[in-house]
Number of protein chains: 2
Amino acid sequence: MPRGNCQGQGWWHGKFRGCGYRLTEGREAILDILAKSEGHLSAEDIYMKVHPKYPNVGLTTIYRTLDVLSGLGMVYKLDFGDGRARYELAEGPKGAHHHHHLVCTDCNKVIDYTDFIDEEVELLRETEKGLGKKYNFKITNHVIQFYGLCGKCSGKK
Amino acid sequence: MPRGNCQGQGWWHGKFRGCGYRLTEGREAILDILAKSEGHLSAEDIYMKVHPKYPNVGLTTIYRTLDVLSGLGMVYKLDFGDGRARYELAEGPKGAHHHHHLVCTDCNKVIDYTDFIDEEVELLRETEKGLGKKYNFKITNHVIQFYGLCGKCSGKK
DNA sequence: TTAGTAATGGAAATCATTTTCAATAAGCTT
DNA sequence: AAGCTTATTGAAAATGATTTCCATTACTAA
């Protein structure tokens, strides 16, 4: 039962089982919500959405599951600076929806953007390669985020 | 006494006073520590360093001051994913030490790097301009951070 | 000096996230 | 299908960083 670096491919069940994790009702429910919500959900958001259908899944399990998922690279844990972590499903098998975030520091609104992604991906590739070699780092992830004021907040009183 | 967007230039005293903030012993002490420590200090780290010399400066004041400083753009508030915020002085008048972070997700070691900054700055400039226009966002800041395993941790058991 | 208000610290309060622990359930083995 | 091993669970309690309260102190300007 390998438990460490299980970054293989395959979806859902396979990924879980292959790493020695058990596939439980609660975990599937959480994955389900994440998949259909397309948002940036906090642990509690998820709890709220899971609870009606699975009243016996507790907040603790949500946190634990998110931890596992993020460890497996299936979920990104995000920080928008408002004191609670947000989670979103990592892009599916296709790597389809690669995007980054634009955060309003006033109202906390978050915009997903996909502009400039090509140039960015290019830079990231180079940077990761360069940094990895220079600092002997095995880079697994990155965060790019812009902060500022959205139209509404920038035109406030 | 304007209190809002005080992003003018000028250093220290001027910046403070100009925004209606008072320059107190505690605030200077904190700025001092940040200036000479060149690190990524947590509120408590700062408290520890300030306390010997100014035993009457409390943790609460540290937090409050860091909040003000970060609001003024004099300090960056960073999140390395270990549950406590870190702070570092924004680059001085010169914009000299622009850098980003490489974070080991295992031992939490943080490396500051300045490689690829030129290309990056170029991309950022474009991105900020493009996003700002498209989403009507007034971008004030950004975060770029890479996560991975440092040499030591990647070669662990 | 005096009034008006910013700033302070210590204690208490918040609040997201973790830990503890006994009970339960998954998935392998037979 | 039944047993067995061990991952998983929920509820309650613990944790720990950050905030809030509030009465006191210290600037600043007139």
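Computed from heavy atoms alone, side chains included, the values below leave out hydrogens, waters and symmetry copies. Note on naming: letters A, B, ... go to the chains in the order of the sequence lines (proteins, then strands), and numbering restarts at 1 for each one.
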Take atom [atom1] of [X] and atom [atom2] of [N], then tell me their distance rounded to the nearest Å.
X     : N      : atom1 : atom2 : answer
B:L59 : D:dT19 : CG    : P     : 11 Å
A:D67 : C:dA16 : CG    : P     : 17 Å
A:E28 : D:dT8  : CD    : C1'   : 14 Å
B:R64 : D:dT25 : CZ    : C1'   : 13 Å
B:Y54 : C:dT8  : OH    : P     : 13 Å
A:N56 : C:dT24 : CG    : P     : 13 Å
A:D82 : D:dT19 : CG    : P     : 12 Å
B:Y21 : C:dT8  : OH    : P     : 12 Å

Problem set entry | Side-chain touch B:D112/B:H100, heavy atoms, less than 4.5 angstrom | no
Exercise. What does A:R17 touch in the nucleic acid at a heavy-atom separation under 4.0 angstrom: a base, only the sugar-phosphate, or nothing?
Worked result: sugar-phosphate
Exercise. How is B:T24 classified with respect to the nucleic acid when contacts are heavy atoms under 4.0 Å: base, sugar-phosphate, or nothing?
Worked result: sugar-phosphate
Problem set entry | Distance test, side-chain N/O of A:Y63 to OP1/OP2 of C:dT17, below 4.0 Å | yes
For this session: Decide yes or no, distance alone: a donor-acceptor N/O pair under 3.5 angstrom between the base of D:dT18 and the side-chain of B:R84.
Result: no
Seminar exercise, completed: Tightest non-hydrogen contact, residues B:E126 and A:F116, listed as O-CZ, 3.5 Å
Seminar exercise, completed: Which of D:dT18, C:dA7, D:dT8 is nearest the side chain of B:A85? It is D:dT18
Exercise. Out of D:dC27, D:dT20, C:dA25, which nucleotide sits closest to the side chain of B:R22?
Worked result: D:dC27
Problem set entry | Whether B:H51 and B:Y47 hold their rings parallel, tilted or perpendicular, with breakpoints at 30° and 60° | tilted
Exercise. Given the rule in the salt bridge (charged side-chain N to carboxylate O under 4.0 Å, His left out) test, do A:K152 and A:D106 qualify, once you have shown the distances and angles that lead to the verdict?
Worked result: CA-CA 10 Å; A:K152 203 167 279 180; A:D106 204 53; over 6 Å; no
For this session: Go through the steps to decide whether B:H142 and B:E120 satisfy the test side chain to side chain donor-acceptor pair (under 3.5 Å), and finish with yes or no.
Result: CA-CA 12 Å; B:H142 66 257; B:E120 187 192 288; 4.7 Å; no
